[in-house]
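Please read the structure below before turning to the comments.
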2 protein chains.
Amino acid sequence: MYCYEYPHPAVTTDVVVFSIRNDRLELLLIKRASEPYQSHWALPGGFVDIDEDLNACALRELEEETGITGVYLEQLCTVGAPDRDPRERVISVVYFALLSEDKLEARAASDAAAVAWFSARDYPRLAFDHNMIVQKAHHRLAAKLSYSTIALQFMPRRFTLSQLQRVYELILGEELDKRNFRKRILSMDCLKEDGGLLNGGKHRPAKLYQAKQPDRVDFVR
Amino acid sequence: MYCYEYPHPAVTTDVVVFSIRNDRLELLLIKRASEPYQSHWALPGGFVDIDEDLNACALRELEEETGITGVYLEQLCTVGAPDRDPRERVISVVYFALLSEDKLEARAASDAAAVAWFSARDYPRLAFDHNMIVQKAHHRLAAKLSYSTIALQFMPRRFTLSQLQRVYELILGEELDKRNFRKRILSMDCLKEDGGLLNGGKHRPAKLYQAKQPDRVDFVR
DNA sequence: GCAAAAGTGTTCTAGGTACACCCATGT
DNA sequence: ACATGGGTGTACCTAGAACACTTTTGC
């Protein structure tokens with residue numbers, strides 16, 4: 001037992017994990033194994049250890065519950081309405097994480113009840129206030145596309161400009177002009193030609209590119 | 001005594017309060033009355049009550065420690081390095097608040113040890129990780145000037161365009177062109193002419209304006 | 001040879017920047 | 001009358017938007 005002179009809230013981290021899969025923006029959810037909201041879908045997350053940094057907690061819970069590591073992580077907001085969890089007062093520090101499909105393939109293990117990907121435009125009613133949180137995360141993601149290199153976090157090490165354009169289109173929900181897109185991306189000076197070509201289908205092969213700084217998100221424009 | 005099966009961190013809110021005073025951007029700090037960091041300057045803030053919403057806590061602590069109410073409040077980030085407070089694990093939800101000078105005059109009471117305003121460009125070494133937090137808040141404030149109507153939160157009910165321009169200049173730290181500034185602000189469609197004039201000094205009186213929606217911060221551009 | 005995506009430039013438009021003079025008041 | 005800040009318009013420039021055809025491959 002751990003006792004305090006004044007009541008203390010519990011603190012959790014939750015993570016909104018996005019990836020591009022099946023030609024759409026998808027969202028990783030877990031099925032809750034226990035009450036409250038048993039068998040409801042929810043964001044992965046859990047309680048902060050008493051000596052654990054907040055983002056370390058987010059990464060640990062993500063790995064424990066979904067097997068996923070090596071993501072880009074960014075703090076989104078902190079929610080703490082007094083009645084958001086029926087058990088006790090819980091304050092949740094929310095992160096959003098972005099994941100490229102190659103990292104996704106490599107680590108598909110899980111120790112949670114159930115883990116599944118959902119379309120970010122069509123997902124079930126979630127536990128707690130998680131629907132509102134996902135909306136907020138989606139909004140932030142779309143906003144950051146226009147003034148940062150954040151979309152590169154969705155890309156595998158090598159990719160074509162058309163693949164990158166498709167990522168933009170899926171997140172923004174609108175088609176973009178190919179020539180203007182290439183002009184703009186290349187002027188950001190965040191990509192380098194890989195030298196390789198991708199022989200995809202019955203058409204001209206596409207040049208492969210890599211991010212100059214795959215682990216950084218830079219502000220541009 | 002309040003006891004839990006697992007250890008719980010303490011949760012606080014801290015508030016970075018900015019205002020425009022003495023023709024500069026200033027910052028409200030309190031002098032800590034007790035350990036740790038006794039008699040160091042720090043951000044106003046304190047522990048979240050167990051049934052209290054987070055922003056309600058920020059507003060309450062602000063009023064208790066500085067007498068200030070009626071501010072614009074926005075969540076900035078949450079910090080929680082395990083060793084940031086020597087007493088116990090403390091996670092702090094940080095807000096920033098903006099205050100117009102007229103609200104400031106009206107409520108100058110205080111129940112804290114000492115309260116004082118400092119230049120946002122020259123303030124002392126603060127308790128905890130508060131220096132880093134203030135930097136972050138200043139940065140966010142400057143960024144939001146360019147894509148929102150946030151600067152209006154610094155203005156009294158009635159103000160002139162020159163006064164508003166001065167606010168922009170003080171925060172950004174650079175002079176702006178008068179004609180371009182007026183064109184841009186008026187094209188945002190966030191101001192209405194008050195009808196009144198301000199007879200300031202030995203020069204032509206200035207038109208007074210009011211914010212169309214004084215309690216909202218809108219995104220523009 | 002045909003279907004399919006890759007790759008490539010120019011024109012137009014709008015918004016931002018640079019810039020100088022007259023106006024209304026107080027002293 | 002003069003000193004002070006208030007108020008106004010235009011020319012230029014740059015970045016974003018619109019837009020169509022040739023290239024290279026697989027089948």
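Proteins come first, then strands; the chains are lettered A, B, ... in the order of their sequence lines, and each starts at number 1. All values below come from the heavy atoms of this structure, side chains included, with hydrogens, waters and symmetry mates left out.
- For B/K136, the NZ atom counts as loosely surrounded, since its 6.0 Å shell holds 12 or fewer non-hydrogen atoms of other residues, nucleotides or ligands.
- Close placement of the B/Y168 and B/F181 rings is indicated, their centers lying within 6.0 Å of each other.
- A salt bridge links A/R166 to A/D23: one of the charged nitrogens lies within less than 4.0 Å of a carboxylate oxygen.
- For B/K183 and B/T160, each mapped to the nucleotide of DNA chain D holding its nearest heavy atom, the one lying further toward the 5' end belongs to B/T160.
- Between A/K178 and B/N180, the residue anchored closer to the 5' end of DNA chain C is A/K178, taking for each the nucleotide with the nearest heavy atom.
- If you walk DNA chain D from 5' to 3' and mark each nucleotide with an atom closer than 4.0 Å to a heavy atom of chain A, the marks span D/dG16 to D/dG26.
- For the pair A/R166 CZ and C/dA6 C1', the interatomic distance rounds to 16 Å; values are reported in whole Å.
- Separating the CZ atom of B/F181 from the C1' atom of C/dC19 is a distance of 18 Å, rounded to the nearest angstrom.
- Salt bridge annotation for B/R21-B/E101: absent, with no cationic side-chain nitrogen under 4.0 angstrom from a carboxylate oxygen.
- Residue-level contact check: B/D177 touches the bases, meaning some heavy atom is under 4.0 Å from a base atom.
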Next item on the list: For B/N22 and B/E26, run side chain to side chain donor-acceptor pair (under 3.5 Å): C-alpha distance rounded to whole Å, both residues' side-chain angles, the deciding distance at 0.1 Å, then the answer.
Entry: CA-CA 8 Å; B/N22 305 313; B/E26 293 195 355; 3.0 Å; yes
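- For A/L186 and C/dT8, the CG to C1' distance is 12 Å, given to the nearest whole Å.
- Taking atom CG of residue A/N199 and atom P of nucleotide C/dA6, one finds them 12 Å apart after rounding to whole Å.
- A straight line from CG of B/L198 to P of C/dA24 spans 17 Å, rounded to a whole angstrom.
- We find the CD1-CZ distance between B/I20 and B/F154 to be 5.0 Å, quoted to the nearest 0.5 Å.
- Here the options are B/T13, B/T78, B/D14, the test is side chain to side chain donor-acceptor pair (under 3.5 Å), and the partner is B/S92; only B/D14 passes.
- Between A/L172 atom CG and A/L145 atom CG the span is 5.0 Å, to the nearest 0.5 Å.
- Rounded to 10 degrees, the angle between the two end axes of the helix from C/dG1-D/dC27 to C/dT27-D/dA1 is 0°, with five pairs used at each end.
- Interatomic distance, CD of A/Q153 versus CD1 of A/I150, reported as 7.0 Å (0.5 Å rounding).
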Extract from the structure each pairing of a protein N or O with an N or O of nucleotides 1-4 of chain C at less than 3.5 Å, listing the distance.
| unit_1 | atom_1 | unit_2 | atom_2 | d |
| --- | --- | --- | --- | --- |
| C/dA4 | N3 | A/K202 | O | 3.2 |

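- Base contact: A/R182 has a heavy atom under 4.0 Å from a base atom.
- Looking at A/R140 and A/F96, their side chains come closer than 4.5 Å, going by heavy atoms from C-beta outward.
- From A/D129, atom CG reaches atom CZ of A/R84 across 4.0 Å, with rounding to the nearest 0.5 Å.
- Taking 4.0 angstrom as the limit, A/S162 places none of its side-chain polar atoms (N or O) nearer than this to OP1 or OP2 of C/dA5.
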